[in-house]
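Heavy atoms only: backbone and side chains are in, while hydrogens, waters and symmetry mates are out.
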Amino acid sequence: MPDRFSAKDIIEKTKILNYLLLGSVLCLLFIGVSYHFVTGIETGSVLNEQFEQNKYYLETFDLQPDRNLERLYPDATAVREKATLLRKYNLSVFSQEKYDLEALKKKDKEPQYSVDSINGQQVNLIKDKTVNIAITSTETDEIVIEGWAVDVDENKLARAVFIVVNDKITVPSRYGIKREDLINNLNNKDFLKAGFRASFNPSLLGDGTHRIKIAVVSNDGTSYCIGQKNEYNLYV
């Protein structure tokens with residue numbers, strides 16, 4: 001005999017179905033909102049990274065190849081002209097505090113740092129050994145050096161990091177890049193933004209062998225240490 005349902009049964013079953021449907025819709029909405037929220041954060045992070053990198057290119061325009069400056073404006077020559085004026089009158093990015101190694105006290109102490117890669121080539125450094133990297137200037141218009149550094153005396157972030165070439169050319173780096181691996185490796189959550197990245201045009205060096213050193217400015221911005229133990233040689 002077929003089952004018979006009263007009106008009350010039908011209403012109750014309908015309520016249950018409606019609740020299930022509402023729950024499913026809310027779940028989908030929550031997933032959608034969460035997805036777009038996370039996507040928005042990721043997009044914002046990418047845009048911020050691009051902004052900081054372009055800011056660095058502008059700050060170091062006289063060291064950069066045209067290709068990097070064309071990320072700011074299609075005409076690299078125009079960028080150099082405008083940037084020269086901005087620097088002359090301390091405007092835009094040039095109004096921010098800058099550090100000059102010659103004006104700081106040099107400490108006779110080995111800084112705490114690591115060069116992780118040069119032009120994408122991982123640096124597997126054995127302590128007190130020499131690293132040799134060949135750069136073919138006809139194949140690349142940029143030398144990129146990446147790593148991390150901290151103020152070993154204060155156990156804090158450094159104030160700035162420089163690449164010193166042949167004890168003559170000083171290349172500022174972009175310091176403050178996130179390095180989540182350092183939190184565990186150095187056992188200090190304050191070292192999250194201890195990463196650095198420096199780039200410059202190899203045409204500034206000319207052909208031959210060039211010695212690279214890392215200079216780390218103290219957290220208070222009054223002194224610096226320069227690495228001496230490890231040798232990084234670029235063959236251009």
How long is the straight-line distance from [atom2] of [Y] back to [atom1] of [X], given to the nearest 0.5 Å?
X	Y	atom1	atom2	answer
L69	N54	CG	CG	10.0 Å
E142	N119	CD	CG	7.5 Å
Q228	E110	CD	CD	7.0 Å
N68	Y56	CG	OH	9.5 Å
N233	I135	CG	CD1	12.0 Å
L72	F61	CG	CZ	11.5 Å

Determine whether [X] and [Y] make a side-chain contact, defined as any pair of heavy atoms from C-beta on separated by less than 4.5 Å.
X	Y	value
D116	R179	yes
F200	I169	no
L63	P172	yes
N185	F191	no
V171	F162	no
D153	K107	yes
I133	I212	no
E81	T84	no

note = The residue among S199, S114, S173, S117 that forms side-chain hydrogen bond (donor to acceptor under 3.5 Å, both in side chains) with E146 is S117
Can you confirm whether more than 12 heavy atoms, excluding those of [X], are under 6.0 Å from its [atom1] atom?
X	atom1	result
K98	NZ	yes
D100	CG	yes
K213	NZ	yes

Minimum heavy-atom distance between N188 and D190, given as atom pair plus value = OD1-N, 2.8 Å
query = Does a side-chain N-to-carboxylate-O contact under 4.0 Å join R80 and D66?
reply = yes
query = Is a salt bridge present between E49 and R174, judged by a nitrogen-to-oxygen distance below 4.0 Å?
reply = yes
task = Go through the steps to decide whether D167 and R211 satisfy the test side chain to side chain contact (heavy atoms under 4.5 Å, CB included), and finish with yes or no.
result = CA-CA 8 Å; D167 295 322; R211 174 109 185 255; over 6 Å; no
